[in-house]
Asks: 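This is the structure, below, for whatever I ask next.
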Amino acid sequence: MITDIAHIAMNPLDMDKSIKFYTEVLGFKKVFELPHEDGTPWIIYLKINKGHFLEMFYGGTLDRDYAYDPKKVGYYHLCIDCGDIKAKAQELFEKGVLEAPVTGFERDKNPNLWIHDPDGNAIEFVEYQPDCIHFEELGTQGYELGGENYKGIAHAAFVVKDIDASMDFYCNHLGFKHIYTLNDENGNPWLNFLQVRPGVYLELFLNGEGENPASWTARGFTHVCLETDDLIGEVERLRAEGIEIDDEPKTSADKNWQAWIHDPDGNMIELMMIDPESPQALA
Ligand SMILES: [Fe+2]
Ligand SMILES: [Fe+2]
């Protein structure tokens, strides 16, 4: 069973600049680094909240000339639930990241705001309301209202080419629940909200164009990591259902078990079972 989004990974073009932005401006905590086997720098882990991380890889390249495009197939944005959106807007305005200390409203009735990181990646902040559409059917059980600086990753978002194929993959195989569909101004389906667990979602935007630029090195978001409590069981179940396993279960430098699959658009999905002694569990 998939229980959560564990982390979102990105390839900054300038690691120092991005780390400064995410720690000093956004207040994420740098918790640990992982080197390559030869000792050279590989990954810096930033903690958003307990159990939710941003994985920053060294060596980002300009293979892709844009950070994201809401029309093109592939990774779109990362959204963080910041608890108090008005306070966050004021803080980001004072830090010069927001032009005015005001928030917007998504059509799902949750107040939000948008900024860009040094690479141009879209970062959204939201304050999920207890009576919002997300919680209508399935409730807030398992969702911590209140808490630390951030409540954690609110959602990851993909623009998808074939919504039926993506819905089959994420709902029928990964077990996410379709919460609702938002329509555009013309009444056509625009966005599907899937629940990973209460408070953590995947947004699938319809009608993506072009080829997915997903890459291990191109700047921008590179993969989404999903947490599971039984990696081997999950992989065998997915294999039996006909899902291609790109990388078989193995332990990595952080002691966690991981395996890799991809969604119908070629987005790279890491599956991870967190070891209680891993730096993620201890952070
Ligand atoms: Fe969003
Ligand atoms: Fe990862």
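Just follow the structure's listing: the first ligand is 1, and inside any ligand the first atom is 1. Every value quoted in this text rests on a predicted model; they were computed, and no experiment measured them. Both backbone and side-chain heavy atoms feed into the values below; hydrogens, waters and symmetry mates do not. Numbering of residues begins at 1 and proceeds along the displayed sequence.
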Asks: Who clusters with Val102? Use side-chain heavy atoms, under 4.5 angstrom, across I, L, V, M, F, W and Y, and order the result by chain and number.
Replies: none
Asks: Between Lys30, His7, Glu33, which is the residue that forms a side-chain hydrogen bond (donor to acceptor under 3.5 Å, both in side chains) with Tyr45?
Replies: His7
Asks: Kindly report the OE1-the Fe ion (ligand 1)-OE1 angle for Glu203 and Glu124 respectively, rounded to 10°.
Replies: 170°
Asks: When you measure from the Fe ion (ligand 2) to each N, O or S atom of Glu55, which atom gives the shortest distance?
Replies: OE1
Asks: Does Asn186 have any side-chain hydrogen bond (donor to acceptor under 3.5 Å, both in side chains) partners at least two apart in sequence or in another chain, and if so, which?
Replies: none
Asks: State the atom name: nearest N, O or S atom of Glu270 to the Fe ion (ligand 2).
Replies: OE1
Asks: Angle at the Fe ion (ligand 2), NE2 of His7 to NE2 of His223, rounded to 10 degrees, please.
Replies: 110°
Asks: Out of the N/O/S atoms in His77, what is the name of the one closest to the Fe ion (ligand 1)?
Replies: NE2
Asks: What's the separation between atom CZ in Phe158 and atom OH in Tyr76, rounded to the nearest 0.5 Å?
Replies: 14.0 Å
Asks: Taking the six-membered ring for Trp and the single ring otherwise, decide whether the centroids of His134 and Tyr128 are under 6.0 Å apart.
Replies: yes
Asks: Kindly confirm whether the Fe ion (ligand 2) is within less than 2.8 Å of some N/O/S atom in Cys225?
Replies: no
